[in-house]
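In what follows, a structure is listed as structure tokens, so that the remarks can point back to it.
Because the structure is a prediction, the values reported are computed rather than measured. Chain letters run A, B, ... following the sequence lines, proteins first and then strands; every chain starts at 1.
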Amino acid sequence: MYARHTGGTMILRVEDTDADRSRPELIEAIHDSLTWLGIDWDEEYRQSDRFGQYREAAQSFLDKGFAYRCDCTQEAVKARTENDSGYDGFCRDRDVQPGEGVVVRFRTPDEGVTGWDDLVRGRVEFENALLEDFVIVRSSGVPLFHVANAYDDLDMGITHVVRGEDLVNTTPRVLLMREALGATDQPLYAHLPLIVNEKRQKLSKRRDDVAVGDYRAKGFLPDAMRNYLLTLGWGPKDDIEIRPITEFVEQFELSDINKSPAFFDVKKLEHFNGEYLRAMALDDFIAAASPFAAEIDPALFARHAEQIQGRVKTLAEAGGFLDWVVGPASEPTEKDWKKVMGGAKVPAVLDAVIERLAVCDWTPEAAESVVFGVGEELETKTQLPVRLAVTGSRSGLPLFEPMVELDRDVVLDRLRAARAKL
RNA sequence: GCCCCCAUCGUUCAGUGGCCUAGGACACUGCCCUUUCACGGCAGGAACACGGGUUCGAAUCCCGUUGGGGGUGCCA
């Protein structure tokens, strides 16, 4: 948003410095998700292609005294220190030589503060004395992500770093290394509030639906998803929440972003989705819905698509509206049955409807006039009992159009079965 | 434990010292439209966590309390 707002360059940097966790399909998923959401980028880099440069940077730290080698095991460090106070600097001046189990650590300053002016959080500062000497090169020789970041930010001329609040604490490390690399400036940071679950905790892969692909599979539209996401942590000044992305891009400012976390409210997403769904051209809606209504004859679906479009919140719901046409009626709930079929006139209504439907033209208009005609004669509402008998539900599409898609005998059988149950 | 951060309706965004008897949206409730449901229209309930300051005046500034979150890896 910000890159597009300012005419800047959007860089996608794949931070795959951990070989154990990096897999091609994960990177592909990132590409797919971003593309689906309509988010594009101008340049792309993989840190795994640039290990050589990071190692050189680490070597220069070693040469200049900004870093040193350490052969402490985690157990040894733990034994020496109290209550998780971090690494104690044991190897700072031990002149450890390269070898098995040896890492490189960055020497953090013993005094002073490291801070920056965060675009969303204001001034953030950390006391250097509280920063432990952190590892920048694993014993395997592979550099860790924050060295890579410090190097890349500088090398790529990154002006704005926009990321989640969970990265705030590692920022001083990157800033310190940036200085050691010779930089005298800082990029502008914007640490975004996290999106949380109903328990107000950071979304986790195990507990929560965090994969964009899940929402896609549930039948959410990318534009709706993107639009909804935009209302979390930020909002348009004029309160118009649903609008074209171009207008958002125009208004968007990093400094307007909120500091507090936001709950991902699927209910509101569904509302947005419904709005976007209803705004689609009918043909587009049919095309978008067809993968979700695979078991329904396309021509049949198309005949009722307009009515379905007006009712769905997600594409995944689309096929369900014709379930009772392509298959048996659903089993009415006991509650619905009592409420609808409990009326004193219902038996007479069903008898009359069955009798007349058996002989009328098999068109929506004829069926409607039969059902309503009986209602007028008996002075009662007749649609609901018929609907419940034929579809199994109190709600759904306007009844008569889809009803005559069924053979007359099927409809009569369902009505007779209901009559027998009274 | 230590470090960092956050705090307006149930949810989300607005509000940056007086325009606030705090506004919009989602959700909820009622009514209208409609012989279903949904859409749409109208109406309604619903919040400045608490306590101190500063000020003529505070949701807005400061301090504290409480509550919540994030980080604390040879993960990112």
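- Separating the CD atom of A:Glu241 from the P atom of B:C26 is a distance of 8 Å, rounded to the nearest angstrom.
- For B:C6, neither phosphate oxygen OP1 nor OP2 lies less than 4.0 angstrom from any side-chain nitrogen or oxygen of A:Asn258.
- In summary, A:Arg13 and A:Glu15 engage in a salt bridge, as defined by a charged side-chain N under 4.0 Å from a carboxylate O.
- Rounded to whole Å, the separation between the P atoms of B:U21 and B:U16 comes to 14 Å.
- Formation of a donor-acceptor pair under 3.5 Å by the A:Arg55 side chain with backbone atoms of A:Gly141 is found in this model.
- Atom P of nucleotide B:U36 and atom CG of A:Leu384 are separated by 8 Å, given to the nearest angstrom.
- For A:Lys381, the side-chain atoms get nearest to B:U35 when compared with the rest of B:A76, B:U35, B:A25.
- Each of B:U72, B:C5, B:A25 was ranked by its minimum atom distance to the side chain of A:Glu165; first place goes to B:C5.
- Taking the six-membered ring wherever Trp is involved, the centroid distance between the rings of A:Phe264 and A:Tyr228 falls below 6.0 Å.
- Side-chain N/O atoms of A:Glu43 and A:Tyr45 include a donor and acceptor closer than 3.5 Å.
- One cannot find a donor-acceptor pair under 3.5 Å joining the base of B:A14 and the side-chain atoms of A:Lys237.
- At a threshold of 4.0 Å, the pair A:Asp118-A:Arg123 does not count as salt-bridged, since none of the basic side-chain nitrogens sits closer than that to a carboxylate oxygen.
- Near-neighbour residues of RNA chain B inside residues 304-342 of chain A, defined by a heavy atom below 4.0 Å, number-ordered: A:Gly310, A:Arg311.
- The CG atom of A:Leu130 sits 7 Å away from the P atom of B:C4 (whole-angstrom rounding).
- Base pairing of B:U21 is not made with any nucleotide, judged by Watson-Crick or G-U wobble geometry with both donor-acceptor distances under 3.5 Å.
- Contact between the side-chain N/O atoms of A:Thr17 and the OP1/OP2 oxygens of B:A76 is found at a separation under 4.0 Å.
- A salt bridge is defined here as a Lys NZ or Arg NE, NH1 or NH2 lying under 4.0 Å from an Asp or Glu carboxylate O, and A:Asp16 with A:Arg21 fails to meet this definition.
- Spacing between B:C50 and B:G67 at atom C1', rounded to whole Å, works out to 10 Å.
- Using a distance-only test at 3.5 Å, with no hydrogens or angles considered, a donor-acceptor pair links the side chain of A:Asp208 to the main chain of A:Ser204.
- Checked by distance alone, A:Ser140 brings no side-chain donor or acceptor within 3.5 Å of a matching partner on the base of B:C74.
- Listed candidates were B:U12, B:A76, B:C3. Nearest to the side chain of A:Arg21 is B:A76.
- Considering only side-chain atoms of A:Pro261, the nucleotide from B:U12, B:A76, B:C6 that sits closest is B:C6.
- Spacing between atom CG of A:Leu230 and atom P of B:A14 amounts to 12 Å, rounded to whole angstrom units.
- In this entry B:C42 has B:G30 as its Watson-Crick or G-U wobble partner, both defining distances falling under 3.5 Å.
- Between B:C32 and B:A47, the two P atoms lie 28 Å apart (nearest whole Å).
- B:G71 and B:U29: their C1' atoms are spaced 43 Å apart (whole Å).
- With B:A27, B:C6, B:C39 as the choices, the nucleotide that has an atom nearest any side-chain atom of A:Arg278 turns out to be B:C39.
- Checked for salt-bridge contact, A:Asp155 and A:Arg50 meet the test: a charged N lies under 4.0 Å from a carboxylate O.
- Applying the Watson-Crick and G-U wobble criteria (two distances, each under 3.5 Å), B:A7 pairs with B:U66.
- Atom P of nucleotide B:C9 and atom CZ of A:Phe263 are separated by 15 Å, given to the nearest angstrom.
- For B:C2 and B:G51, the P atoms lie 28 Å apart once the distance is rounded to whole Å.
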Query raised in the report: Under the side chain to side chain contact (heavy atoms under 4.5 Å, CB included) criterion, do A:Gln251 and A:His5 qualify, and how do the steps go?
Result: CA-CA 8 Å; A:Gln251 291 192 28; A:His5 173 74; over 6 Å; no
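- To the nearest whole angstrom, the two P atoms, one in B:A43 and one in B:G24, are 10 Å apart.
- Summarising the base pairing, B:A14 is matched to no nucleotide, lacking a Watson-Crick or G-U wobble pair whose two defining distances lie under 3.5 Å.
- Atom CD of A:Glu306 is surrounded by 12 or fewer heavy atoms from other residues, nucleotides or ligands within 6.0 Å.
- Atom name P, nucleotides B:U8 and B:C61: the rounded distance is 13 Å, in whole Å.
- For A:Lys202, counting side-chain heavy atoms from C-beta on, the closest listed nucleotide (B:C13, B:C4, B:G71) is B:G71.
- Side-chain proximity of A:Gln201 to the nucleotides B:U36, B:A76, B:G70 is greatest for B:G70.
- In a base pair of the Watson-Crick type (N1 to N3 plus N6-O4 or O6-N4) or a G-U wobble (N1-O2 and O6-N3), with each distance short of 3.5 Å, B:C2 is matched with B:G71.
- Listed nucleotides B:A76, B:A14, B:U12 differ in distance to A:Arg138; the shortest reach to its side chain belongs to B:A76.
- One finds no side-chain N or O of A:Arg163 lying less than 4.0 angstrom from the OP1 or OP2 phosphate oxygen of B:G70.
- Of all non-hydrogen atoms in A:Phe292 and A:Leu315, the two that sit nearest each other are CB-O, 3.4 Å.
- If you measure from atom NE2 of A:His146 to atom P of B:C74, you get 9 Å, rounded to the nearest angstrom.
- For the pair A:Arg105 (side chain) and A:Cys70 (backbone), a donor-acceptor distance under 3.5 Å is absent.
- Interface residues of residues 93-118 of chain A facing RNA chain B, ordered by number: A:Gly101, A:Val103; criterion, heavy-atom separation under 4.0 Å.
- The side chain of A:Asn169 sits closest to B:G71 out of B:G71, B:A76, B:U72.
- Atom CG in A:Leu388 sits roughly 15 Å away from atom C1' in B:U35 (whole-Å rounding).
- Between A:His191 and A:Tyr189, the ring planes lie parallel to each other; the angle is under 30°, not in the 30° to 60° tilted range.
- The side chain of A:Ala262 approaches B:C13 more closely than any other nucleotide in the set B:C13, B:U36, B:C3.
- To the nearest angstrom, P of B:A38 lies 11 Å from CZ of A:Arg387.
- When the C1' atom is used for both B:G40 and B:U34, the distance is 11 Å, rounded to whole Å.
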